[in-house]
Amino acid sequence: MSEVTAIRGMSDILPAETSRWQFLERTVAAVLAAYGYGEIRLPVVEKTALFKRSIGEVTDIVEKEMYTFDDRNGDSMTLRPEGTAGCVRAAIQQGILNTPRRLWYTGPMFRYERPQKGRQRQFHQTGVEAFGVATPDMDAELIVLCARLWRRLGLTDCVELQINSIGNAEARKAYRYALIDYLQAHSKALDADSQRRLHSNPLRILDSKSPETQAILDGGPALKDFLDEEASADFARLCELLEAAGVAYVVNRRLVRGLDYYNKTVFEWVTDRLGAQGTVCAGGRYDGLVKQLGGKSTPAVGFAMGMERLVLLLAEQAGVPEATADADVYVVAVGDDAELMALVSTERVREENPQLRIMQHVGGGSFKSQMKKADRSGARVALIWGDDEVAAHAVTIKSLRDGNGERLEQNTVPLTELDSTLCALLAP
RNA sequence: GUGGCCGUAGCUCACCAGGUAGAGCACCGGAUUGUGACUCCGGAGGUAGCGGGUUCAAGACCCGUCGGCCACCCCA
């Protein structure tokens with residue numbers, strides 16, 4: 001087969017699935033609006049330097065997962081692997097950080113990874129960022145907002161909130177040394193990946209899946225003992241606020257982030273129903289990033305959710321979805337004159353009843369075959385046009401459903417009564 | 001980047017000691033001339049992901065490659 005196929009890890013989303021996506025997107029937008037967040041729309045491509053400077057040069061994302069290329073001018077461009085960097089860049093460039101600012105965005109992100117369940121090369125994230133507030137009540141707002149969203153989506157029972165504080169840069173630096181010191185003494189017992197990370201990104205060893213490695217960590221230094229007073233106090237306050245708001249959480253002292261810009265609060269909503277890719281939503285504070293990208297020092301917190309993963313969860317929750325009707329009304333027309341009259345009249349009906357989904361059979365065919373399509377469409381009513389109707393200036397209206405089993409009648413009514421008859425039939 | 005499983009009609013899958021493919025669903029047509037759902041009858045649709053090798057003969061065996069799924073890794 002020499003047919004052209006989609007790029008690996010970049011999938012098509014068909015109409016059968018898009019209704020679920022639309023439900024998710026609508027709900028997300030409604031909840032965010034309820035908290036006063038404004039939508040920002042951002043480019044999919046940014047200068048490569050933006051991601052290197054924000055995410056971190058030695059992270060896996062930057063080292064081996066970015067779609068990077070030179071444009072025709074020879075400048076290095078990158079398909080965004082995440083949204084925060086671009087959002088911060090835009091906020092600085094557009095000068096909108098003079099006051100606390102709540103923003104959200106949604107769209108495709110790109111990471112060159114091996115595809116698996118819940119992980120694709122082009123995937124979709126919705127991100128939420130709050131700028132200009134340094135206190136943990138803002139962290140709490142974001143988490144409470146998430147909790148509301150899960151309720152609205154019916155996902156509360158499938159997700160668990162994990163939180164942690166990773167402190168400021170100095171604390172992490174001190175801890176990193178202590179951790180390396182400790183782990184080097186046990187390096188032979190560590191799994192291969194952790195040995196590698198010992199030198200590249202030692203904090204990532206904390207969330208290693210290897211039980212042996214986790215056992216070794218039990219005897220080592222704890223990040224929480226390195227936090228300064230402010231970070232500890234903020235974390236305690238966050239816990240207090242979450243409890244007051246009735247949001248259940250688990251403190252996971254080994255929760256860390258893969259991107260370098262995070263500090264203090266980090267959190268993750270995880271599920272056990274999606275296999276290995278269980279993180280459905282994650283984020284944290286990044287107080288240093290705005291300044292690092294050239295703006296005025298501005299505290300910030302944010303998170304992003306993986307839309308594919310949420311759609312998968314929704315699909316699990318709903319089970320097998322009932323086939324929904326494609327249309328409310330199906331228009332059958334046989335013969336050139338009938339086709340013409342049907343087209344014109346149907347347009348008029350659409351004009352009067354914009355909420356109705358009206359599908360017109362296109363492409364000819366016998367009454368029988370058109371009626372078959374009308375049935376398959378799930379429409380409740382068929383409008384039928386043929387030579388007889390054209391001659392009589394009338395239309396036949398037939399009920400296809402709602403009959404409690406008994407055979408439903410059909411009526412031929414004058415064109416002038418089309419609307420009223422239709423409305424009566426479709427009234428709830 | 002590593003590993004395991006897999007790749008046959010639109011979809012879900014089957015068959016055969018290796019001898020040039022079947023089912024269900026879907027699709028199209030018919031069962032009295034303008035009418036669907038159930039039923040019956042008929043039809044169309046596949047050079048078995050692609051390339052190479054072994055063989056008289058391969059979709060079936062071997063190698064490579066591409067793709068899918070899952071896991072490692074990574075992360076939303």
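Just so we're on the same page: letters track the sequence lines, and every chain starts at 1. The shown structure was predicted, so the numbers you read here are calculated from the model rather than taken from an experiment.
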Side chain to side chain donor-acceptor pair (under 3.5 Å) between A:S165 and A:T265, intermediate numbers included: CA-CA 4 Å; A:S165 176; A:T265 302; 5.6 Å; no
Residues of residues 101-119 of chain A with a heavy atom under 4.0 Å from any atom of RNA chain B, listed by number, are A:R111, A:E113, A:R114, A:Q116, A:K117, A:G118, A:R119
So A:R309, base contact, sugar-phosphate only, or nothing? Heavy-atom distance under 4.0 Å. base
Distance, C1' atom - from B:rU35 to B:rG30, rounded to whole angstrom: 16 Å
Which value, in whole Å, describes the distance between the P atoms of nucleotides B:rG29 and B:rA21? 29 Å
Could you tell me whether A:L259 contacts a base, only the sugar-phosphate backbone, or nothing, with contacts defined as non-hydrogen atoms closer than 4.0 Å? sugar-phosphate
Work out how far the C1' atom of B:rC6 is from that of B:rA48, and round it to whole angstrom. 14 Å
In whole angstroms, the gap separating C1' of B:rG34 from CD of A:E339 amounts to 15 Å
Nearest-nucleotide check on RNA chain B, A:F367 vs A:Y262; residue mapping nearer the 5' end is A:F367
Less than 4.0 Å between a side-chain N and a carboxylate O, is that true for A:D218 and A:R254? yes
Between the side chains of A:D375 and A:K372, is the shortest nitrogen-to-carboxylate-oxygen separation below 4.0 Å, so that they form an ion pair? no
Is the shortest side-chain N to carboxylate O distance from A:K64 to A:D60 below 4.0 Å? yes
Less than 3.5 Å between a donor and an acceptor, one on the side chain of A:E389 and one on the base of B:rG34, is that the case here? yes
I need the CD-P distance between A:Q410 and B:rG36, as an integer number of Å. 10 Å
Can a donor-acceptor pair be found between the side chains of A:Q120 and A:S11 at a distance below 3.5 Å? yes
If I take atom OH from residue A:Y249 and atom CG from residue A:L161, how far apart are they, to the nearest 0.5 angstrom? 9.5 Å
When you look at A:Y286 and A:E129, which way does the side chain to side chain donor-acceptor pair (under 3.5 Å) test go after all the steps? CA-CA 10 Å; A:Y286 52 96; A:E129 320 284 359; 2.5 Å; yes
Salt bridge flag under 4.0 Å for residues A:R80 and A:E82: no
Which of residues 263-283 of chain A sit near RNA chain B, with a heavy atom under 4.0 Å from it? A:G275, A:A276, A:Q277, A:T279, A:V280, A:C281, A:A282
Determine the contact category for A:G378: base if any of its heavy atoms lies under 4.0 Å from a base atom, sugar-phosphate if only primed atoms, P, OP1 or OP2 are that close, otherwise nothing. nothing
Between A:R350 and A:E347, is the closest basic N to carboxylate O distance under 4.0 Å? yes
Between A:E65 (CD) and B:rG1 (P), how many Å, whole number? 12 Å
May I ask you to decide whether A:R119 forms a salt bridge with A:E113, counting only side-chain N to carboxylate O separations under 4.0 Å? yes
Interface polar pairs with nucleotides 25-30 of chain B, N/O, under 3.5 angstrom:
residue: B:rC27; atom: OP1; partner: A:R376; partner atom: NH1; Å: 2.4
residue: B:rC27; atom: OP2; partner: A:R376; partner atom: NH1; Å: 2.7
residue: B:rC28; atom: OP1; partner: A:K373; partner atom: NZ; Å: 2.8

Distance in angstrom units between A:M359 CE and B:rG36 C1', rounded: 15 Å
Roughly how many Å apart are B:rC61 and B:rA26, using the C1' atom of each and rounding to a whole number? 35 Å
Please report the distance, rounded to the nearest Å, between CG in A:D12 and C1' in B:rG67. 14 Å
With rounding to whole Å, what would you report as the distance between B:rG10 and B:rG42 at their P atoms? 23 Å
Which is it for A:E46 and A:T78 under the side chain to side chain donor-acceptor pair (under 3.5 Å) test, yes or no, and what are the steps along the way? CA-CA 6 Å; A:E46 298 270 4; A:T78 294; over 6 Å; no
Would you classify A:A304 as touching base, sugar-phosphate or nothing, given that sugar-phosphate means primed atoms plus P, OP1 and OP2, and contacts are heavy atoms under 4.0 Å? sugar-phosphate
Provide the full list of salt bridge (charged side-chain N to carboxylate O under 4.0 Å, His left out) pairs with a residue in residues 328-342 of chain A, sequence neighbours left out, each pair given once. A:D328-A:R357
If I take atom CZ in residue A:R196 and atom C1' in nucleotide B:rC73, what distance separates them, rounded to the nearest angstrom? 7 Å
Rounded to the nearest 0.5 Å, how far apart are OG1 of A:T126 and CG of A:L24? 6.5 Å
Mind checking the CG-OH spacing from A:D287 to A:Y262? Nearest 0.5 Å is all I need. 12.0 Å
Filter on salt bridge (charged side-chain N to carboxylate O under 4.0 Å, His left out), then keep only pairs touching residues 138-164 of chain A, sequence neighbours left out; what's left? A:R102-A:E141, A:D139-A:R285
Distance check, C1' atoms only: B:rG4 and B:rG22, in whole angstrom units. 30 Å
Pairwise C1' distance for B:rC11 and B:rG18, with rounding to whole Å: 29 Å
Walking RNA chain B from its 5' end, the first of A:H124 and A:T396 to be reached, judged by nearest nucleotide, is A:T396
Send over the distance from A:L312 CG to B:rC69 P, rounded to a whole Å. 11 Å
Whole angstrom is fine here: how far is it from CG in A:L149 over to C1' in B:rA76? 14 Å
Suppose you measure atom P in B:rG67 against the same atom in B:rA58; what distance do you get, rounded to whole Å? 28 Å
If a stem is a run of at least 3 consecutive Watson-Crick or G-U pairs, both distances under 3.5 Å, which stems include RNA chain B? B:1-7 with B:66-72, B:10-13 with B:22-25, B:27-31 with B:39-43, B:49-53 with B:61-65
Quick one: label A:E82 by what it contacts on the DNA or RNA (base, sugar-phosphate, nothing), any heavy atom closer than 4.0 Å. nothing
Atom CG of residue position A:L14 - does it have more than 12 heavy atoms of other residues, nucleotides or ligands inside 6.0 Å? yes
Counting any heavy atom closer than 4.0 Å, what does A:E63 reach on the DNA or RNA strands: base, sugar-phosphate only, or nothing? nothing
